[in-house]
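Take a look at the structure set out below.
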Amino acid sequence: DDELLEGMWSAWTWMTDAGTHASQEAMGSRILSAAISLFGILYIACILGFVVQGMHAKMETLRKGKSAVVEKGHTVLLGWTDKSLLVIKEIAEANASEGGGVIAVLADQDKTLIEAEIHHHFRSTKDLQGTLVVVRNGSRLHALDLLKVGVETARTLVVLSDTHVGPNKADSEVLQVVLNLSNLQLVGHIVAEVRDIDNEPLLKLIGREQVETLVSHDVVGRLMLMSVREPGLSSVYQSVLGFEGNEFYSRAWPEITGEPFDTLQQRFPDAVPIGVRRGKFKSTSQEILLNPPPGYLIEEDDELIVFAEDNDTYEPKPAITTEKLKSTVKRRQTRQKERIFFAGWRRDLRDIISLLDELVGPETELHIMTDMEAEQRNEILEESGLDLDGLKNLQIFHWVGNTSVRRDLELIPIEKFTSVLILSDEASEMDIMQSDSQCLATLVLIRDIQARRWAGLDSEDTEFSEDFWSSASKQFVPIVTEILDPRTQRTVSSKLAFSSVFDFLQTNDMVAKIMAMVSEDRTVKKILDELLSAKGVQLEVLSPESFLSEGEAYTFYEAAMHARSAKYILIGFLQRRYTPVESSLLDQANSARRLTVSQSTVKDGLDPEQSVVINPANKDQKMMWDSYSLVVIGGHTETKKPLKRVEPAWKEEKLVLDSQPTKYIETNASEIVGLAEGSGSGKPDVGESPASPQHVTNFTSPGERAEFVEKMVSVMKRIEGQHEQLRTDIQELKSGLSLIQ
C-alpha cells in the first residue's frame, strides 16, 4: 500500500511539475515519467483554457449587461431615447436629499455606448449626486429581459416612447410593455409616455390603476399655448417643473385641522400652500382641490399641497400677524380679440385649436403657415374630430409657405399679431437638430422683419447692433419657440441679441421633468392636469396693479393676502418687461423714492439676477413690487365632495362664494329619490331636486305627499346604518336643508 501511494504521489509531481522527473536514472522510469509529464502539461492547459473561457464569458456577460440587477426600491428606465439623460438628471436631483439611489436602464442598444453617453453627459459622480446608474441590455418587450432590471421590486417604472418611429408604432410598443408589466407582481407604479392622445384610453384600460400616462405632444402643446398668451409664463413653468428649486409636496398636518385655508400662508413661512388632497390616506379616490374657495376649512383627512424646497424644509409655525389691509383688488378685463400666428404644423394641432378656442375671446384670428395645402389641413383636422364650423371664438386663416423662407414670411402682416408660436414641424420631429435649426431660422426671420418694419426700413443690407435689438425687442409681440435639444437652448441663451427677444420652451426637457416628478409622486399628475386644463385652475402672470397699490411697499404675506381676497394664490414673482417709455417712467419714480429695484431686492435678501422666484425667502420683509409681475394660481377645481367652509375674512369686499355645497345637497337629494323609486342610475341633473317647488306641486293629494316624505325618511334611515361616510353625508344634508329653510 505504501508503494502504491508513493507511486501515485510521484506521478502527480511529474504531471504538475515536469522538472521533478530529472532525478530518474532507469530508462523505463525516465520514459514513464516523461509521458506522465507530457500528459500533465496537456491536462493543465485544458483546465486553464476552461477557466479562462469561463471568466471571459462572465466578463462579456457583465460588459453587455446581461446579468440581473439585485436591488429594491430603485427606479427602472425602460427604453433609451433623447429624453433618457434628462430623466436621469431629474431623478438624480430628487434622490439627492436621500443621499442618492439606483436607476436601472433596460435598452436594446449596446451597453458600452449608453454608458459612454452617460459618462459624457455626467462628467463626474458629483453630477449624479450619489445616484448609481446601472445599464442592462435587452428588449423591454420580453418578460425575461424585464426581470433583469428588477421590475418586480422597483419603486417606479418609467416607459419612454421611441422617437425614431411613428407615433402609432411607438404607442403600440409602449402598450405591449405595459401589458407585460401588468402580468408581473409589481410593487411600484408605471409612468408611460404616449405620443398620440387617442391611444391613451387603451393604455389606461390595460394598465388600470397601476399606470400613469403622459401624452407628451398634448402636454407640450398646452404649455406652449398658455406661455405664448402670457409672456413670462414659460419661465414660470420651467421653474416650477423639475426638482431643482421648489416642487410640489403633500402631507397631512393634524395641528391645522379646522383652520381656514386662507390663513395658512402665515403659518408656513418656508412654503406656499396651494391646495389640499382630500380623501382617506393612501386611497385611490383622493381628490385634488387647488385654490380652494374662500373660507374652506381643513378637514381631518386632508393633506396640504405646497410649493417647498424639500419635504423636510417646512412645517407649520405660529401664525405671523399682519395688519388688516384695505382691499385694492381691481376688476379684471374681459377677454379681448386676439390675432395669433402659428408657424409650423403639429400632429396634435386639433387639440391645441380646441383648447385655444376655449381660452380666447370672440372673433379671435388664428393664422397658420406651413407648406401643406389648406384643403389638406382642413381634411386632417376634420378627420381627427375637430368641427371647424363648431368653433365658438376662433377664425382660422391658412397661409401656404415655408416658415424658414423670408419671401414667404414677408407676405404676412407679422407686426399686427398679438402673439407668435413657432412649432416643431411634424415633417422634421424625428430629427431634433434639423427641427431646432428650422425653428431658429423662423425666429430670426420673424424678428428681423419686425425690426425693419418697426424702424421703417425696407433694405435688407442694414445690420442691426445688439443695442438696437435690446431696444427694439421691447416693442415686439411675444414669441414662444419650441426647442427640442437643450444644447440649442444653451447656445441661444448665450447670445445677448437673441436671449432678450423671445421665450423658448424646451419640450423634451419639460416632458422629462414631468415624467420624473410623476415617478416620484403620482399626485403630481393630477395637479398638472388641473394646471394645464382649459377650465379650472391655471398658473397666471399678472401685473402688481391687479392687487397692489402702485408705489407702495408690501411684504410677501401682505401681497398674498391681497391676492387671496380676489380668489388667487400668490406663489412668487418674476421680472417685468417694459417698453422704453415705461422704463423711463419707472426710473423716474424710483429716483423720486430714492430707492432702485436692485437696491430693494438686495435689501430684502432676494436675488436680482433671478428672473423667476417661487416661494421666496424673507416673506416678512417689505419690497417694491413695481418692477415685478405676480405669479398666481387662479380659477377653482370642480369637486364632488362637500366642502366645509366659513365666511371669509374679507366680507367687506363683497366676494361671491361658490355654490358648490348647495349643488352637492341637491345632488344627494336627487340620488336618494332615485334609489327610493328604483330608477336606473339615481343621478339626475343637478338642480332637479325633488325638494324644489316644481316637484312639490306635482302631488295630487296630501296623502301622496305624506307617502313621499315617509319614503324619503325611510331611505335616509337605511343609508345611515350602512357606512360611516354615508352617515356623515346625511348629517351634512340635514344641516344644509335646515340652513336653506
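Position 1 is the first residue of the sequence; numbering continues from there.
The closest donor-acceptor contact from the side chain of N246 to the backbone of E309 lies under 3.5 Å. Looking only at distances, a side-chain donor or acceptor of R222 sits under 3.5 Å from a matching main-chain atom of L532. In this structure, D218 contributes its side chain and D351 its backbone to no donor-acceptor pair below 3.5 Å. Under a 3.5 Å cut-off, the side chain of E558 and the backbone N or O of T555 do form a donor-acceptor pair. A donor-acceptor pair under 3.5 Å is absent between the side-chain atoms of E540 and the main chain of V632, judged by distance alone. Of the possible donor and acceptor atoms, none in the side chain of N95 sits under 3.5 Å from a partner among the backbone N and O of T131. E482 places no side-chain N or O within 3.5 Å of a backbone atom of I422 that could act as its donor or acceptor partner. Put simply, the side chain of T364 never gets that close to the backbone of V360: no donor and acceptor are under 3.5 Å apart. At least one donor-acceptor pair closer than 3.5 Å links the side chain of N291 to the backbone N or O of G635. Distance alone, capped at 3.5 Å, is enough to place a donor-acceptor pair between the D262 side chain and the G295 backbone.
Closest approach of K317 and P269 over heavy atoms only: CD-CG, 3.9 Å. For the residue pair G361 and N393, the shortest heavy atom distance occurs at O-CB, 3.3 Å. Nearest heavy atoms, Y237 versus L531: OH-O, 3.8 Å. Of all heavy-atom pairs spanning G242 and E90, the tightest one is CA-OE1, 3.4 Å. Closest of all the heavy-atom pairs between Q450 and R447 is OE1-NH1, 2.6 Å. Between N615 and D270, the shortest heavy-atom distance links the atoms ND2-O, 3.1 Å.
Inter-residue side-chain proximity for V631 and L570 is flagged as unmet; no heavy-atom pair is nearer than 4.5 Å.
Crowding of E244 atom CD: a count of heavy atoms from other residues, nucleotides or ligands under 6.0 Å not exceeding 12.
Side-chain contact of R277 with T523: a donor-acceptor pair under 3.5 Å is present, judged by distance alone. Inspection of the Y249 and D521 side chains reveals no N or O donor paired with an N or O acceptor under 3.5 Å.
Applying the side-chain contact (heavy atoms from CB on, under 4.5 Å) rule to S216 yields the partners E193, R195, V511; only residues at least two apart in sequence or on another chain are considered. Listed by chain and number, the residues in a ring-ring contact (aromatic ring centres under 6.0 Å, His included) with F341 are F417 (sequence neighbours excluded). Under the rule for a side-chain contact (heavy atoms from CB on, under 4.5 Å), E98 has no partner lying at least two apart in sequence or in another chain. Residues satisfying the side-chain contact (heavy atoms from CB on, under 4.5 Å) test with Q265, not counting sequence neighbours, are V272, P273, F556, Y557, A560, K619. Looking at residues two or more places apart in sequence or on another chain, you find a side-chain contact (heavy atoms from CB on, under 4.5 Å) between T257 and E300. Taking E363 as the reference, nothing meets the salt bridge (charged side-chain N to carboxylate O under 4.0 Å, His left out) condition, with sequence neighbours excluded.
Checking L233, V541, V613 one by one against L574, the side chain to side chain contact (heavy atoms under 4.5 Å, CB included) holds for a single residue, V541.
Residues W625 and F573 place their aromatic rings such that the two centres sit under 6.0 Å apart. In this structure, H562 has its ring center at least 6.0 angstrom away from the ring center of Y568.
A salt bridge links R522 with E212: the closest approach of a Lys/Arg side-chain nitrogen to an acidic carboxylate oxygen falls below 4.0 angstrom.
Ring planes of Y314 and F268: tilted class, angle from 30 to 60°.
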Would R278 and E303 count as a salt bridge (Lys or Arg N to Asp or Glu O under 4.0 Å) if you check the C-alpha gap in whole Å, the side-chain angles of each, and the deciding distance to 0.1 Å?
CA-CA 7 Å; R278 309 183 70 211; E303 295 182 13; over 6 Å; no
